[in-house]
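Down below is the structure, laid out as structure tokens.
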Amino acid sequence: MPAAVSLTPQVHWAQRHQELYLRVELSDVQNPEITITDNVLHFKAQGHGAKGDNVYEFQIQFLGAVEPQPVYKVTQRQLSITIKKVEKHWWVRLTKQEKRPLFLGPDFDRWLDESDAEMELKAKEEERINKINFENRIPKDPFRHLKRGYLFMYNLVQFLGFSWIFVNMTVRLFMLGKDSFFDTFHTTADMMYFSQMMAVLEIVNTLIGLVRAPLLPVLFQVSGRNFVLFIVLGSVEEMQSKAVVFFIFYIWSMVEIFRYPFYMLSCIDIEWKILTWIRYSIWIPLYPLGILAEAVSIIQAIPVFSSTGRFSFTLPYPLSITIPFSVFLQLYLVFLFLGPFVNFRHLYKQRKRHLGPKKRKMH
């Protein structure tokens, strides 16, 4: 039997000062064998070419020295090979032999003459220099690590504080049952005072730009909680033995034992997916329950402040009208159900950004 004739695919080439590009016209390539020995490229692969589905092969002896590690990429329609020159200069032709092989032709999609290639090289170098200059113009914050350390410690302290409240209340609930409802304030108020006074720093951090967050939701949450804690509950003893205090403190601490660790880990660029999901989901049931508990405390406080006259004041002459503090509590009760929409809207946007469907990358 006569020896099988070697089939050669059509190959297109182009060059730059540093690299050579070969495009082999074969589709559905399988088992490519591509090596370079003594500046000679050896190619062999199964694929679909001009003679149908067969094994195709060729050799190219390059004009100059090249690196022996070619890089190739296979697609459904063709195979591309990139080869680095040992020396960075322009070749007058691709092959050592002066006569161009019949299977080899220019790749007009990537073809540039020497002057155009030099312009391309200069453009890339200018782009690289401009990028370096731009990065150097960006002022580097010398206090970056100090700020991160401060935020990490702040969130850690708040996490420990609210964790203490939550664990203390949970243990007392299991040990004393419903009886623990009525002395919640006396057993945990000091730690809650400390944690909520610390929370004022969240407003400060937002104002000075240390934390990127909209000011209004932070202001509403911190000031609203502190009003309930220090004024409604803390200023009259009659409110401190109410069962509603347990539910307010428990809901607040349950939210924060997930929120503060999330921010704490963010300071050191760590994300725990389950914690992220809880942080942006737990508010859905707990925030409405917290608002309801705070509203109950306000309703219970109105007759107490009316009877004691605490914080009531009289307008100056000639009006001389005494305005009881309970009027402000009634106005705050309206605000309590309208104001949180700002927080809910902010939290919904945050949840959508962190937990929404990720855009699929186009390949």
Side-chain angles (χ1 to χ4, degrees), residues 1-135 359-363:
M1 293 181 63
V5 178
S6 176
L7 299 177
T8 306
Q10 188 66 35
V11 180
H12 304 278
W13 78 284
Q15 69 169 316
R16 298 294 184 269
H17 287 84
Q18 186 67 51
E19 293 177 326
L20 301 170
Y21 307 112
L22 301 180
R23 178 164 55 86
V24 184
E25 292 294 335
L26 285 179
S27 60
D28 300 322
V29 174
Q30 297 177 9
N31 306 319
E33 298 175 13
I34 305 170
T35 58
I36 295 178
T37 307
D38 297 329
N39 302 319
V40 177
L41 174 69
H42 304 271
F43 176 93
K44 185 177 182 180
Q46 175 82 29
H48 189 86
K51 299 293 184 179
D53 194 5
N54 282 293
V55 174
Y56 292 82
E57 55 186 312
F58 65 86
Q59 292 184 5
I60 296 177
Q61 186 174 13
F62 295 114
L63 177 65
V66 295
E67 300 288 348
Q69 298 88 19
V71 177
Y72 68 90
K73 179 181 177 182
V74 179
T75 65
Q76 189 175 358
R77 299 179 59 184
Q78 62 191 20
L79 185 146
S80 302
I81 307 172
T82 302
I83 302 157
K84 287 191 176 294
K85 301 175 182 176
V86 171
E87 294 183 6
K88 187 178 178 181
H89 68 91
W90 196 258
W91 291 2
V92 294
R93 61 179 182 273
L94 179 65
T95 59
K96 191 171 184 178
Q97 63 188 80
E98 292 187 11
K99 186 177 180 181
R100 177 176 60 85
L102 294 176
F103 67 88
L104 193 62
D107 185 348
F108 291 110
D109 291 336
R110 304 194 69 164
W111 191 266
L112 292 178
D113 58 28
E114 186 173 4
S115 59
D116 290 337
E118 287 177 353
M119 289 179 64
E120 182 186 72
L121 200 63
K122 288 179 182 178
K124 285 183 178 179
E125 184 64 18
E126 287 177 3
E127 183 181 352
R128 187 182 68 84
I129 293 172
N130 290 336
K131 185 179 179 181
I132 293 172
N133 291 337
F134 177 77
E135 289 174 351
K359 293 182 179 180
R360 296 182 64 184
K361 292 183 179 179
M362 299 299 291
H363 295 283

Hey, mind stepping through Val11 and Phe43 against side-chain contact (heavy atoms from CB on, under 4.5 Å) and telling me if it holds? CA-CA 11 Å; Val11 180; Phe43 176 93; over 6 Å; no
Looking only at heavy atoms, what is the nearest atom pair of Leu26 and Gly47, with distance? CD2-C, 4.3 Å
Interatomic distance, His42 atom NE2 to Asp38 atom CG [nearest 0.5 angstrom]: 7.5 Å
Of all the heavy-atom pairs spanning Pro70 and Pro68, show the shortest one and how long it is. CD-O, 3.2 Å
Backbone of Gln78 reached by a side-chain donor or acceptor of Thr75 within 3.5 Å: yes
Nearest 0.5 Å please: distance from the CD1 atom of Ile81 over to the CZ atom of Arg23. 12.0 Å
d(Lys99 NZ, Gln97 CD) to nearest 0.5 Å is 9.0 Å
Between Val24 and Val29, is any pair of side-chain heavy atoms under 4.5 Å apart? no
Spacing of CG belonging to Leu79 relative to CD1 belonging to Ile34, to within rounding of 0.5 Å: 4.5 Å
Check: Phe62 and Ile83 side chains under 4.5 Å, non-hydrogen atoms: yes
Close side-chain approach of Glu57 to Thr8, heavy-atom, < 4.5 Å: no
Do Glu25 and Pro9 have side-chain heavy atoms sitting under 4.5 Å apart? no
Any idea how Phe58 and Phe103 line up, ring-wise: parallel (<30°), tilted (30 to 60°), or perpendicular (>60°)? tilted
Residue among Glu19, Glu67, Gln69 satisfying side chain to side chain donor-acceptor pair (under 3.5 Å) with Lys84: Glu19
Roughly how far, to the nearest 0.5 Å, is CD of Gln10 from CG of Leu102? 9.0 Å
Can you name the side chain to side chain contact (heavy atoms under 4.5 Å, CB included) partners of Arg100, sequence neighbours left out? Leu104
Rounded to the nearest 0.5 Å, what's the gap from NZ on Lys85 to NE2 on His17? Could you check? 7.5 Å
Nearest heavy atoms of Ala45 and Pro32, plus distance in Å: CB-CA, 3.7 Å
Going by side chain to side chain contact (heavy atoms under 4.5 Å, CB included), name the residues that satisfy it together with Gln18, two or more places apart in sequence or in a different chain. Lys88
Would you say that Ile60 contacts Trp13 through its side chain, given a criterion of any heavy-atom pair below 4.5 Å between the two side chains? no
Given Asp28, Asp53, Asn31, the one that forms side chain to side chain donor-acceptor pair (under 3.5 Å) with Gln46: Asp53
For Arg93, does the CZ atom have more than 12 heavy-atom neighbours from other residues, nucleotides or ligands under 6.0 Å away? yes
Which heavy atom in Val66 sits nearest to a heavy atom in Asn39, and how many Å separate them? N-OD1, 3.0 Å
Only residue of Gln15, Arg110, His12 satisfying side chain to side chain contact (heavy atoms under 4.5 Å, CB included) with Tyr21 is Arg110
Taking every non-hydrogen atom, the tightest pair across Tyr56 and Gly52: OH-O, 2.8 Å
